[in-house]
Protein chains: 2
Amino acid sequence: MSFPVPHHDHGACVRAAMAAAEEQCRRRGARLTDIRRRVLELVWGSHQPVGAYALLDALAKGGWSAAPPTVYRALEFLQAHGLVHRIALFNAFIGCARPGHHHAGQFLLCSGCGSAVELEDAKVDDAIIAAAARNGFSVTRQTIEIEGVCATCRAKGQEQ
Amino acid sequence: MSFPVPHHDHGACVRAAMAAAEEQCRRRGARLTDIRRRVLELVWGSHQPVGAYALLDALAKGGWSAAPPTVYRALEFLQAHGLVHRIALFNAFIGCARPGHHHAGQFLLCSGCGSAVELEDAKVDDAIIAAAARNGFSVTRQTIEIEGVCATCRAKGQEQ
DNA sequence: GGATGATATGTTATAATATAACGTCCGGTA
DNA sequence: TACCGGACGTTATATTATAACATATCATCC
Ligand SMILES: [Zn+2]
Ligand SMILES: [Zn+2]
Ligand SMILES: [Zn+2]
Ligand SMILES: [Zn+2]
């Protein structure tokens with residue numbers, strides 16, 4: 001929701017995400033299989049978007065013998081159930097902290113630390129829908145990827 | 001600026017875009033070479049984003065013997081000078097109707113006809129910068145790609 | 001429990017997108 | 001003319017993603 005502090009208890013992030021995913025799948029009658037669960041954990045390895053082939057390597061290191069379709073299928077499932085989002089700019093994937101919540105798919109991407117943070121800003125949402133409507137356009141999906149520098153990285157850059 | 005009417009005089013779009021490009025390059029002392037000019041014309045072949053390899057094929061049909069780097073270099077140049085934008089969602093490229101103008105990179109993408117229209121909406125821009133600032137984030141670049149259905153396609157869909 | 005259909009996974013191959021690396025040409029300039 | 005830097009040609013390869021088909025697993029019904 002807000003930018004991750006550098007040395008936070010990330011294990012807590014992962015546990016919360018996995019619990020939310022289990023809950024979300026239970027509610028929707030979706031099967032969070034071993035592979036899907038493992039891929040989701042790997043996506044949550046950091047707050048940075050991860051590429052499919054990086055996930056593949058990570059799976060392999062865990063002894064999971066997997067080919068590209070394995071990872072892409074898992075990611076497809078996770079996206080379909082709102083557990084993971086794709087960052088189009090980077091061809092990479094990031095965990096969703098609030099599955100089930102309304103989300104428009106708004107991301108802040110820090111070019112310093114590589115972190116991605118999901119935004120749920122109603123004003124941005126409204127402004128976009130209004131601008132679209134003014135052009136006779138009805139919105140079905142938003143992809144909003146904002147590159148820039150987070151507070152932590154800006155502070156680091158200036159202290160030199 | 002607004003959605004293209006189905007049977008408009010597209011030649012006029014192309015001529016205007018090419019003139020604007022010549023002017024922009026002149027002002028900036030950039031060399032709009034034959035290949036770059038040709039690629040830009042091809043990008044303007046429609047109001048739909050075009051993939052790099054489609055451009056490559058089109059160049060080949062014009063007898064231009066080109067390899068991928070040729071097209072990617074031309075696209076890189078055109079992007080650098082604001083003559084072309086990349087649509088991250090589609091790995092494709094679209095001409096900019098107003099090079100030199102301030103543009104935040106906001107696009108409406110119709111899933112019916114495939115058209116892409118660039119928006120320059122200050123309210124969207126403001127809302128995003130404000131939302132980013134609230135998270136201590138300073139924006140350097142926006143990628144806003146809004147999928148949906150344009151007025152023309154919606155009308156077509158309903159008349160059945 | 002065994003048959004059955006749907007869903008999930010394994011496996012191989014290949015498609016689609018993008019870049020690295022290096023040599024050559026060409027246009028302007030001293 | 002000799003030089004320099006940007007532009008281009010060419011080959012190879014990296015990166016991302018999907019097609020196609022075989023096999024396995026799971027849930028359900030009898
Ligand atoms: Zn964390
Ligand atoms: Zn940062
Ligand atoms: Zn037109
Ligand atoms: Zn349309």
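Quantities reported herein were computed from a predicted structural model and do not represent experimental measurements. Computed from heavy atoms alone, side chains included, the values below leave out hydrogens, waters and symmetry copies. Order of the sequence lines sets the chain letters (A, B, ...), proteins ahead of strands, with each chain counted from 1.
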Q: Checking side-chain polar atoms at under 3.5 Å, does B/Gln24 have a donor or acceptor matched by the opposite partner on B/His81?
A: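 No.
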
Q: So, using side-chain contact (heavy atoms from CB on, under 4.5 Å) as the criterion, who are the partners of A/Ala20 when residues are at least two apart?
A: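 For A/Ala20 the side-chain contact (heavy atoms from CB on, under 4.5 Å) partners, ignoring immediate neighbours, are A/Pro99.
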
Q: Got a sec? Which of residues 68-76 of chain A come in under 4.0 Å of DNA chain C, heavy atoms?
A: A/Pro69, A/Thr70, A/Arg73

Q: What are the residues of residues 35-65 of chain A, sorted by number, that bring a heavy atom to within less than 4.0 Å of DNA chain C?
A: A/Ile35, A/Arg36, A/Ser65

Q: Taking B/Asn91 for its side chain and B/Ile87 for its backbone only, find out whether a donor-acceptor pair lies under 3.5 Å.
A: no

Q: Hey, is B/Glu76 close enough to B/Arg73 for a salt bridge, meaning N to O under 4.0 Å?
A: no

Q: Which heavy-atom pair separates A/Ile94 from A/Val43 by the least distance, and what is that distance?
A: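 Reported closest heavy-atom pair: C-CG1, 3.6 Å.
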
Q: As a quick check of understanding, evaluate side-chain contact (heavy atoms from CB on, under 4.5 Å) for B/Arg36 and B/Arg31, giving each step before the final call.
A: CA-CA 9 Å; B/Arg36 291 165 176 174; B/Arg31 291 171 55 192; 4.2 Å; yes

Q: Detail all sub-3.5 Å separations between protein N/O atoms and N/O atoms belonging to nucleotides 27-30 of chain C.
A:
none

Q: Would you list the pairs meeting ring pair (Phe, Tyr, Trp, His ring centres under 6.0 Å) in which at least one residue belongs to residues 11-39 of chain A, sequence neighbours left out?
A: none

Q: With the threshold set at under 4.0 Å for non-hydrogen atoms, list the residues of residues 77-94 of chain A touching DNA chain D in residue-number order.
A: A/Arg86, A/Asn91

Q: Does anything in residues 15-39 of chain B form a ring pair (Phe, Tyr, Trp, His ring centres under 6.0 Å)? List the pairs, not counting sequence neighbours.
A: none

Q: Please find the pair of heavy atoms, one from B/Pro49 and one from B/Gly114, that lie closest to each other, and give the distance.
A: CD-O, 3.4 Å

Q: Give me each pair satisfying salt bridge (charged side-chain N to carboxylate O under 4.0 Å, His left out) with a member in residues 122-142 of chain B, each pair once, sequence neighbours excluded.
A: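 Salt bridge (charged side-chain N to carboxylate O under 4.0 Å, His left out) check on residues 122-142 of chain B returns A/Asp121-B/Arg134, A/Glu147-B/Arg141.
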
Q: For A/His10, what residues pass the ring-ring contact (aromatic ring centres under 6.0 Å, His included) criterion, not counting sequence neighbours?
A: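 Here the qualifying residues are A/His8, A/His47.
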
Q: Any salt bridge linking B/Glu22 with B/Arg26? Criterion: basic side-chain nitrogen under 4.0 Å from a carboxylate oxygen.
A: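 Salt bridge absent between B/Glu22 and B/Arg26.
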
Q: Give the other cluster members for B/Val5, using side-chain heavy-atom distances under 4.5 Å between Ile, Leu, Val, Met, Phe, Trp and Tyr residues; answer none if it is isolated.
A: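 Members besides B/Val5: none; it forms no cluster.
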
Q: Taking side-chain contact (heavy atoms from CB on, under 4.5 Å) as the definition, give me every residue that meets it alongside B/His7, ordered by chain and number, with sequence neighbours left out.
A: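 Per chain and number, B/His7 pairs via side-chain contact (heavy atoms from CB on, under 4.5 Å) with no residue.
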
Q: Would the A/His85 and A/Phe107 ring centres measure less than 6.0 Å apart?
A: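 That pair passes the under 6.0 Å test.
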
Q: Using the C1' atoms of the five pairs at each end, what is the angle between the end axes of the helix from C/dG1-D/dC30 to C/dA30-D/dT1, to 10°?
A: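 About 20° separates the two local helix axes.
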
